[in-house]
Enquirer: 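Sharing a structure here in structure tokens format.
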Amino acid sequence: MNQLTEGIRVIYQSTIRMEREQVIYFDPYGVKEPAQDADIIFITHDHYDHFSPEDLAKVCKADTKIVLPEKMASKAKNIPFSDDQMIQVQPEQHYECFGLRFQTVPAYNHLKPFHPKRSGWTGYLLEWGGSAYYIAGDTDVTKENQMLKCDAAFLPIGGTYTMNAKEAAKLANIIHPQVVVPIHYGCIVGERKDADVFEKMLEPGIACIKLMEFGE
């Protein structure tokens, strides 16, 4: 286990759990056992495998805070968070809230119809424990994410709705984090072997850490 991924799990699909001083989730989905341990939850967009009220209920406690795109305002009315527990964000902005600093990074497809840029979906560049973590969301290689500087990147590799393994490796080699963690494969789309294909295409100096638990 690399020091940058200490305290981090990829539970299923794009469900990332990070624990140090706080417990942070990204896109909880496929959570088997209720934990009620989330201090902060980040949502990248409103597709069912990223925004699941059922799974939110499994990880939320009374004072959990949530960060989600402003374009999800109508759906946000259906989840039990008060105004002081929620922040709605726009792409390409910097935020400081809930004891965290983060930047929103547009997440979209170029030719595929699933995540148009106009939808306002976002990935996150999070400052955590003195390092920068990029959680990409469902995206292709874009002009915005090619400009990022981060220590660790969580990139979708399953194809169909996002980058495939080859495309994700291209992005990793451009931004060259110390560590890259493949997500969004082997569960709903993509195959488990995609992570091996991805790893083989990385340039020297980039460590591929496979954390996906596949809901097992």
Enquirer: Looking at Arg101, I want to see if its CZ is surrounded by more than 12 non-hydrogen atoms of other residues, nucleotides or ligands under 6.0 Å.
Expert: no
Enquirer: After noting the C-alpha distance and the side-chain angles of Glu33 and Lys58, does the key distance pass the salt bridge (charged side-chain N to carboxylate O under 4.0 Å, His left out) rule?
Expert: CA-CA 7 Å; Glu33 299 297 330; Lys58 291 180 181 179; over 6 Å; no
Enquirer: Are Cys208 and Pro182 packed together at the side-chain level, in the sense that at least one heavy-atom pair is separated by less than 4.5 angstrom?
Expert: yes
Enquirer: Would you please say whether a donor-acceptor pair under 3.5 Å links the side chains of Asn2 and Thr5?
Expert: no
Enquirer: Taking all atoms of both residues into account, what is the closest heavy-atom pair of Gly120 and Pro69, and its distance?
Expert: O-CB, 3.7 Å
Enquirer: Could you check whether Arg192 makes a cation-pi contact with Phe214, meaning its NZ or CZ is under 6.0 Å from the centre of the six-membered ring and within 45° of the ring axis?
Expert: yes
Enquirer: Does Ser131 use its side chain to pair, donor to acceptor, with the backbone of Trp128 at less than 3.5 Å?
Expert: no
Enquirer: Tell me whether Lys112 contacts the main-chain N or O of His110 through its side chain, where contact means a donor paired with an acceptor under 3.5 Å.
Expert: no
Enquirer: Would a 4.5 Å heavy-atom cut-off, applied to side chains only, mark Asp39 and Lys61 as touching?
Expert: yes
Enquirer: Compare every heavy atom of Pro177 with every heavy atom of Ala153, then report the nearest pair and how far apart it is.
Expert: CB-CG, 4.0 Å
Enquirer: Look at the side-chain heavy atoms of Ile, Leu, Val, Met, Phe, Trp and Tyr, link any pair under 4.5 Å apart, and say whether Met18 and Met212 land in one connected group.
Expert: yes
Enquirer: Enter the distance from Gln13:CD to His47:NE2 here, rounded to the nearest 0.5 Å.
Expert: 12.0 Å
Enquirer: Hey, is the main chain of Arg118 close enough, under 3.5 Å, to the side chain of Lys71 for a donor-acceptor pair?
Expert: yes
Enquirer: So, Gln178 side chain and Cys150 main chain: donor-acceptor pair closer than 3.5 Å or not?
Expert: no
Enquirer: Hydrophobic clustering (ILVMFWY, side-chain heavy atoms < 4.5 Å, transitive) - are Leu100 and Ile66 grouped together?
Expert: no
Enquirer: Would you check if the distance from the ring center of His184 to the ring center of His50 is below 6.0 Å?
Expert: yes
Enquirer: Counting N and O atoms only, with roles assigned by atom type, does the side chain of Gln85 sit under 3.5 Å from a partner on the main chain of Thr64, one being a donor and the other an acceptor?
Expert: yes
Enquirer: Testing Ile183, Ile41, Ile16, Ile43 one by one against Phe26 for a side chain to side chain contact (heavy atoms under 4.5 Å, CB included), which residue passes?
Expert: Ile16
Enquirer: Looking only at the side chains, is there a donor atom on one of Asp138 and Thr162 sitting less than 3.5 Å from an acceptor on the other?
Expert: no
Enquirer: Report yes or no: do Val59 and Ile24 belong to one cluster of Ile/Leu/Val/Met/Phe/Trp/Tyr joined by side chain heavy-atom distances under 4.5 Å?
Expert: no
Enquirer: Report yes or no: does Asp194 contribute a side-chain atom to a donor-acceptor pair with the main-chain N or O of Glu191 at less than 3.5 Å?
Expert: yes
Enquirer: Could you go through the ring pair (Phe, Tyr, Trp, His ring centres under 6.0 Å) check for Tyr124 and Tyr133 one step at a time?
Expert: CA-CA 8 Å; Tyr124 296 95; Tyr133 290 78; over 10 Å; no
Enquirer: Can a donor-acceptor pair be found, under 3.5 Å and without considering hydrogens, that links the side chain of Asn145 to the backbone of Thr142?
Expert: yes
Enquirer: Just by modelled atom types, is the Ile157 backbone N or O under 3.5 Å from a matching donor or acceptor in the Asn164 side chain?
Expert: no
Enquirer: For a quick test of reading the model, state the closest non-hydrogen atom pair linking Pro106 to Pro91 and the distance between them.
Expert: CG-CB, 3.9 Å
Enquirer: More than 12 heavy atoms of other residues, nucleotides or ligands under 6.0 Å from NZ of Lys193: yes or no?
Expert: no
Enquirer: Got Met72 and Gln88 here, is their nearest side-chain heavy-atom distance under 4.5 Å?
Expert: no
Enquirer: Where the side chain of Lys32 meets the backbone of Gly215, is there a donor-acceptor pair that is under 3.5 Å apart?
Expert: yes
Enquirer: Measuring from atom CG of Asp140 to atom OH of Tyr161, what distance do you get when rounded to the nearest 0.5 angstrom?
Expert: 13.5 Å
Enquirer: Applying side chain to side chain contact (heavy atoms under 4.5 Å, CB included) to Leu56 and Phe51, what does each step give before you reach the verdict?
Expert: CA-CA 8 Å; Leu56 286 175; Phe51 177 67; 3.8 Å; yes
Enquirer: Is there side-chain contact between Val141 and Met163, with at least one heavy-atom pair below 4.5 Å?
Expert: yes
Enquirer: Taking atom CD of Glu199 and atom CD1 of Ile209, what is their separation to the nearest 0.5 Å?
Expert: 8.5 Å
Enquirer: In Å, rounded to the nearest 0.5 Å, how long is the span from CG of Leu4 to CD1 of Ile8?
Expert: 8.0 Å
Enquirer: Just wondering, do Ile206 and His176 contact through their side chains at under 4.5 Å, heavy atoms?
Expert: yes
Enquirer: For residues His45 and Ser119, determine if any side-chain heavy atom of one lies less than 4.5 Å from a side-chain heavy atom of the other.
Expert: no
Enquirer: Just wondering, more than 12 heavy atoms not from Glu21 lying within 6.0 Å of its CD?
Expert: no
Enquirer: State, yes or no, whether a side-chain contact exists between Arg9 and Glu213 at a heavy-atom distance under 4.5 Å.
Expert: yes
Enquirer: Can you measure from CD1 (Ile11) to CG (Asp27) and round to the nearest 0.5 angstrom?
Expert: 12.0 Å
Enquirer: Quick one about Tyr25 and Asp37 (side-chain donor to acceptor, distance below 3.5 Å, no hydrogens or angles considered), yes or no?
Expert: yes
Enquirer: Test Cys97 against Phe102 for side chain to side chain contact (heavy atoms under 4.5 Å, CB included), laying out the working first.
Expert: CA-CA 9 Å; Cys97 62; Phe102 60 90; 3.6 Å; yes
Enquirer: Are Tyr95 and Leu148 joined in one hydrophobic group, where the rule is that I, L, V, M, F, W and Y side chains link up if heavy atoms are under 4.5 Å apart?
Expert: yes
Enquirer: What distance separates Leu171 CG from Lys166 NZ, expressed to the nearest 0.5 Å?
Expert: 15.0 Å
Enquirer: Gln93 vs Thr122, test: side chain to side chain contact (heavy atoms under 4.5 Å, CB included). Steps then yes/no.
Expert: CA-CA 10 Å; Gln93 300 294 322; Thr122 185; over 6 Å; no
Enquirer: Is the centre of the Tyr29 ring less than 6.0 Å from the centre of the Tyr48 ring?
Expert: yes
Enquirer: Do Thr44 and Trp121 have side chains that approach each other closer than 4.5 Å (heavy atoms only, starting at C-beta)?
Expert: no
Enquirer: Do Asp55 side-chain atoms and Val31 backbone N/O form a donor-acceptor pair below 3.5 Å?
Expert: yes
Enquirer: Using side chain to side chain contact (heavy atoms under 4.5 Å, CB included), reason through Val67 and Val89 one step at a time and then give a plain yes or no.
Expert: CA-CA 7 Å; Val67 179; Val89 298; 3.8 Å; yes
Enquirer: Quick one, Tyr108 with Glu144, criterion side-chain hydrogen bond (donor to acceptor under 3.5 Å, both in side chains). Give me CA distance, side-chain angles, the key distance, then yes/no.
Expert: CA-CA 10 Å; Tyr108 59 92; Glu144 293 89 355; 2.7 Å; yes
Enquirer: With the 4.5 Å side-chain cut-off for hydrophobic clustering, are Met201 and Ile174 part of the same group?
Expert: no
